[in-house]
There are 2 protein chains.
Amino acid sequence: MEEKDTCEIVCVHEDNVKEIKSKMLEDELLFEVSDNFKIFGDSTRLKILYALSKKDLCVCDLAAVLDMSQSAISHQLRVLRTKNLVKFRKEGKMAYYFLADDHVVSMIELGVEHTKEKL
Amino acid sequence: MEEKDTCEIVCVHEDNVKEIKSKMLEDELLFEVSDNFKIFGDSTRLKILYALSKKDLCVCDLAAVLDMSQSAISHQLRVLRTKNLVKFRKEGKMAYYFLADDHVVSMIELGVEHTKEKL
DNA sequence: CTTCCATATGAATACATGGTCATATTTATC
DNA sequence: GATAAATATGACCATGTATTCATATGGAAG
């Protein structure tokens, strides 16, 4: 029977909250950004992207380089394709994958740099 | 009874594979890098970090800004603490969180930049 | 020392996700 | 056209993870 509609949080600093809220980026944008980071947040995908930054490669070469199954690589390549990070061209039965743009490279480089600096 | 030890993959371009393998970064490093990216790959954490880049905030202010439960925020702050992305100081009962370094800021900025350019 | 409030934390749940296995698809070669 | 090779894909499973709920902790104030 108690009045539960009142917010349980009491300590909120109204002014701070308002200020920061006004400075926040749009929810949707931040969601997309985190979604993009997520792609780099898997070591298999990261390895694929790094390998492709050195040379265009076909699926089975990637599988050999990463020492993983063709299927696993193919699945991840699909993810990367969907997110427009890689493209591919067909040559006979082979599919040669390559990076869609070099944002990818600078992103990885920054990640590596920051990681190294923390050690 | 067949000889199964031979790799089923036939198409591998030995030279390519060797070349790229030699150019690959160490597995362990790439794993750490992807692990770091993973932190930015969640919109709640990203919002927390972005908010903290504007001003030090206590837990309940963060909860108010993100419009999420105190518990959810606290759990994510723990993750960020563990990964050394945020620190905090105690003032009375309150805990004021702040960014541990400004790598975080440049990382987010790059992410936002790349995301915007893709639209 | 008791109560209140801000925060932390453990358990439980719901959902996403990476890999495997089996199989489909497509192209080249015989 | 039949077979083989390279890749793609769907179903499935195991694991990871973000949130909620209930509760613990610790400082402040009475």
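Below, chain A is the first sequence line, B the second, and so on; all start at residue 1. Bear in mind the structure is a predicted one, so any value in this text is a computation, not a measurement.
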query: Under the ring pair (Phe, Tyr, Trp, His ring centres under 6.0 Å) rule, what pairs show up with a residue in residues 38-62 of chain B, not counting sequence neighbours?
result: A:F37-B:F40
- request: Please work out if B:Y96 contacts a base, only the sugar-phosphate, or nothing of the nucleic acid, heavy-atom cut-off 4.0 Å.
  value: nothing
query: Of the nucleotides D:dA6, D:dT17, D:dA8, which has the atom closest to the B:K38 side chain?
result: D:dT17
query: Quick one: is D:dT9 close enough that its OP1 or OP2 comes under 4.0 Å of any side-chain N or O from A:R81?
result: yes
field: Residues which pass ring pair (Phe, Tyr, Trp, His ring centres under 6.0 Å) with A:F88, listed by chain and number, not counting sequence neighbours
entry: A:Y97
query: Does a nitrogen or oxygen in the side chain of B:R45 sit under 4.0 Å from OP1 or OP2 of D:dA18?
result: yes
Taking only N/O atoms, report every protein-nucleotides 19-25 of chain D pair under 3.5 Å with atom names and distance.
from   : atom 1 : to    : atom 2 : distance (Å)
D:dT19 : OP1    : B:T44 : OG1    : 2.7
D:dT19 : OP2    : B:Q76 : NE2    : 3.2
D:dT20 : OP2    : B:S69 : OG     : 3.1
D:dT20 : O4     : B:H75 : NE2    : 3.2
D:dC21 : N4     : B:S71 : OG     : 2.7

For atom CG of A:D35 and atom C1' of D:dT17, their distance in whole Å: 15 Å
- request: Answer yes when B:D35 and B:K38 have at least one side-chain N-carboxylate O distance shorter than 4.0 Å, and no when they do not.
  value: yes
statement: When rounded to whole Å, the CD1 to C1' distance for the pair A:I73 and D:dA6 reads 14 Å
Integer-rounded Å distance: C:dA6 P and A:N16 CG: 15 Å
field: Remaining members of hydrophobic cluster (4.5 Å side-chain criterion), A:V79
entry: none
Minimum heavy-atom distance between A:G111 and B:M107, given as atom pair plus value: CA-CE, 4.1 Å
query: Which pairs with one or both residues in residues 98-113 of chain A pass side chain to side chain donor-acceptor pair (under 3.5 Å), sequence neighbours excluded?
result: A:H103-B:E117
- prompt: For DNA chain C, which residues in residues 82-93 of chain B have a heavy atom at a distance below 4.0 Å?
  reply: B:K93
query: Which listed nucleotide (C:dA8, D:dA8, D:dA18) is nearest to the side chain of B:Y97?
result: C:dA8
